[in-house]
Number of protein chains: 2
Amino acid sequence: MVDASDVARASDQGTPAYVHIAQTLEQRMTSGDYPAGSRLPSGSRLCIEFGVSPMTVRRALHMLEDRGLVIARQGQGTFARSFDLSDSLFRLDFRGGEWLDESADIRLLEASMTRADDNVAHRLEVEQGQMVVHLRRLVSYDGDPAMSHTEYILYDPRRPLVEAQLQLTSLNAFLDSGGTHRFSRGFLHLTAVDLDNDSAELLQAAEGASALRLEHVFQDTDGTPVSWGWFLLRAELFRLSARLGSL
Amino acid sequence: MVDASDVARASDQGTPAYVHIAQTLEQRMTSGDYPAGSRLPSGSRLCIEFGVSPMTVRRALHMLEDRGLVIARQGQGTFARSFDLSDSLFRLDFRGGEWLDESADIRLLEASMTRADDNVAHRLEVEQGQMVVHLRRLVSYDGDPAMSHTEYILYDPRRPLVEAQLQLTSLNAFLDSGGTHRFSRGFLHLTAVDLDNDSAELLQAAEGASALRLEHVFQDTDGTPVSWGWFLLRAELFRLSARLGSL
DNA sequence: TAGTGGTCTAGACCACTTA
DNA sequence: AAGTGGTCTAGACCACTAG
């Protein structure tokens, strides 16, 4: 019989048992003890080996599964996966500061009602020609244009939420951590593009200069698309970064 | 007294209790019941409200914390965070197929020993002028160039690991799921760039065309940089995507 | 049927913060 | 001192997969 305080001391310093187990298993995978595709010892065996309860082993395996290092198949076992670069999780950074601080200046360039063209209608899942709200913004830092934002927002007269949605989809709402609204669902796509004439001028960059294009669809809680749009981010100012490996 | 089978039935269908709890809490955050910055009910209160044990509540909170929707501060409480786009986790997709399948062709364009210049020396944390391995590869799909890869690998005569490292950092090792080796540590940075003359020609794109530049540093288990390099990905073929919100 | 992963309990002790 | 999150136990039952 072991009690909690014994176990806490068991690994060595203050590192939790589940972290220690996960690290040990990861090390065995990278060192070749558990080659990619091979089956790891079962939960019960790991309990015995590490002298911990099932819950603790499960949490360690859960960590590895979240990070994609391992895949568990019910009734079969837990298997080592090889690392796949395409599974890396990137985080979008703004170089040289926070996304939105006091030096950020958001200018609303356009706010109008227009009829949805083919593209807009498709993304917002409405009929072509339906009225939608069209917004265009420019975000500058210290007077330097850094990104533009073009957005089309659903306008449904039967549920007059435009006011709330305008706020919902305002830059502040998802760039500023202090906002009260947030999105419940949606997706993002990020690609590299050449700036067209118009955007290049707006961002004070050369025509054809590279930019990151971050496209978004934000959905209502029921899955209805509410907003479609994209940011154009000056390439020198933004990047995505990811860390590989242990913690 | 409730036993496990009662609880499993409690939520409704087969959804685990911790998922149900996490979803409920997320809904309350988006609906404004728990505004950004506010404190969520404590673990013990949630146990009472949902009629589950502490471990189950903790797992639900853990999920929300992993997704960045919530931040837990020991001794204070768990607080709702507003969603921050910059925290989105992107996944790199290859449009139109798998990263590496039978149609992929990897050509080694260059493999030589060179002296580390300023840049290389800095990234690999060696002295300028030290010998390093220089590799350059081109990956094509169905005969179409899709990405190039330039890489500098540490060459330390005192520990002759070059052979193993070559394999470690080979394309197969991190693009092909069947490999046995994997990286233990490192980081990635992704930006948009204009292709220079050389790269444009190699990728059969126009000079100045946009591309994604995926820079990497792979480290040994002890943190020593082993490989520095970058991929240039034709912009039309790759993108990053992320899903927001619930599952 | 035996073994696997997946979930859950009803407690416990610890480290930490606030008052 | 009271309340918080963080960790852990020693069992349990379930769903699934295999032989």
Side-chain angles (χ1 to χ4, degrees), chain A residues 1-23 25 34 37-66 68-81 247, chain B residues 1-25 34 37-66 69-81 247:
Chain A
M1 172 64 183
V2 223
D3 84 359
S5 55
D6 288 334
V7 173
R9 266 180 256 116
S11 59
D12 46 4
Q13 302 101 304
T15 64
Y18 70 89
V19 171
H20 173 245
I21 295 171
Q23 284 175 343
L25 295 178
Y34 304 152
S38 69
R39 217 191 71 185
L40 268 61
S42 74
S44 53
R45 290 196 179 279
L46 292 173
C47 286
I48 297 169
E49 173 179 352
F50 292 98
V52 297
S53 81
M55 278 296 285
T56 307
V57 161
R58 291 225 49 73
R59 182 156 181 196
L61 291 175
H62 212 264
M63 276 184 68
L64 295 175
E65 202 172 0
D66 280 345
L69 298 178
V70 115
I71 181 164
R73 283 194 275 264
Q74 188 164 145
Q76 299 184 49
T78 302
F79 300 84
R81 281 181 50 176
L247 316 182
Chain B
M1 172 64 185
V2 224
D3 83 359
S5 55
D6 288 335
V7 173
R9 267 179 254 116
S11 59
D12 46 4
Q13 303 102 299
T15 65
Y18 70 89
V19 172
H20 173 244
I21 295 171
Q23 284 175 342
T24 303
L25 295 178
Y34 303 152
S38 69
R39 218 192 68 185
L40 269 60
S42 73
S44 53
R45 291 198 179 279
L46 293 174
C47 285
I48 297 168
E49 173 180 352
F50 291 99
V52 297
S53 81
M55 277 297 286
T56 307
V57 161
R58 290 224 50 73
R59 181 157 182 193
L61 291 175
H62 209 101
M63 276 184 66
L64 296 175
E65 202 173 0
D66 280 346
L69 299 178
V70 114
I71 181 163
R73 282 193 275 264
Q74 187 163 147
Q76 299 183 49
T78 302
F79 300 84
R81 281 182 48 176
L247 315 183

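Sequence lines set the chain letters: A, B, ... in the order given, protein chains first and strands last, and positions in each chain run from 1.
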Position toward the 5' end of DNA chain D (nearest nucleotide), B:Pro54 or A:Pro54 = B:Pro54

What is the distance from CE of A:Met55 to C1' of D:dA10, rounded to the nearest Å?
-> 12 Å

Each stem that DNA chain D is part of, given as range with range (3 or more consecutive Watson-Crick or G-U pairs, under 3.5 Å) = C:1-18 with D:1-18

Below 4.0 Å: OP1/OP2 of D:dT4 and any side-chain N or O of B:Ser42 = yes

Between C:dG5, D:dC8, D:dT4, which one does the side chain of A:Thr78 approach most closely?
-> C:dG5

Could you check how far CZ of A:Arg45 sits from C1' of C:dG3, rounded to whole Å?
-> 10 Å

Going from CD1 on B:Ile48 to OG on B:Ser42, what distance comes out if it is rounded to the nearest 0.5 angstrom?
-> 7.5 Å

Just to confirm, is there a sub-4.0 Å distance from OP1 or OP2 of D:dG3 to any side-chain nitrogen or oxygen of B:Ser44?
-> no

Rounded to whole angstroms, how far apart are CZ on A:Phe50 and P on D:dT9?
-> 13 Å

Given D:dT9, D:dG5, C:dT9, which nucleotide is nearest the side-chain atoms of B:Ala72?
-> D:dG5

For B:Leu46 and D:dG3, what is the distance between atoms CG and P respectively, to the nearest whole Å?
-> 16 Å

Would you check, one step at a time, whether the test side-chain contact (heavy atoms from CB on, under 4.5 Å) holds for B:Phe50 with B:Thr24?
-> CA-CA 10 Å; B:Phe50 291 99; B:Thr24 303; 4.0 Å; yes

Might you point out which heavy atoms bring B:Ser53 and B:Cys47 nearest each other, and give the distance in Å?
-> C-SG, 3.8 Å

Looking only at heavy atoms, which two atoms of B:Val52 and B:Ala17 are closest? And how far apart?
-> CG1-CB, 4.3 Å

Quick one: side chains of residues 71-78 of chain A, donor-acceptor pairs under 3.5 Å with protein atoms, not counting sequence neighbours, listed by atom name and distance.
none

The side chain of A:Arg59 lies closest to which of these nucleotides: D:dG5, D:dT7, D:dT4?
-> D:dT7

Min side-chain heavy-atom separation B:Leu46-B:Ile21 under 4.5 Å | no

When the distance from CZ of B:Arg73 to C1' of D:dG3 is rounded to whole Å, what number comes out?
-> 16 Å

Whole-Å gap separating P (D:dG3) and CZ (B:Phe79) | 17 Å

Give every pair of a protein N or O atom and an N or O atom of nucleotides 15-19 of chain D that lie under 3.5 Å apart, one pair per line with the distance.
unit_1 : atom_1 : unit_2  : atom_2 : d
D:dA15 : N3     : A:Gln74 : OE1    : 2.9
D:dC16 : O4'    : A:Gln74 : OE1    : 3.3

Applying side-chain contact (heavy atoms from CB on, under 4.5 Å), run through B:Arg59 and A:His62 and close with a yes or a no.
-> CA-CA 11 Å; B:Arg59 181 157 182 193; A:His62 212 264; 2.6 Å; yes

Nearest-0.5 Å distance, CG of residue A:Leu25 to CG of residue A:Leu69 = 10.5 Å

Short side-chain N/O contact from A:Thr56 to OP1 or OP2 of D:dT7, under 4.0 Å = no

Whole Å only: how far is the CG atom of B:Leu40 from the C1' atom of D:dG5?
-> 13 Å

Phosphate-side-chain proximity, B:Ser53 and C:dG11, N/O vs OP1/OP2 below 4.0 Å = no

Phosphate contact (C:dC8 OP1 or OP2) by B:Tyr18 side-chain N/O below 4.0 Å | no

Whole angstrom is fine here: how far is it from CG in B:Leu61 over to P in C:dC8?
-> 14 Å

From D:dT9, D:dG5, D:dC8, pick the nucleotide closest to the side chain of A:Pro16?
-> D:dC8

Please examine the side chains of B:Tyr34 and B:Val70, heavy atoms only from C-beta on, and report whether any two atoms are closer than 4.5 Å.
-> no

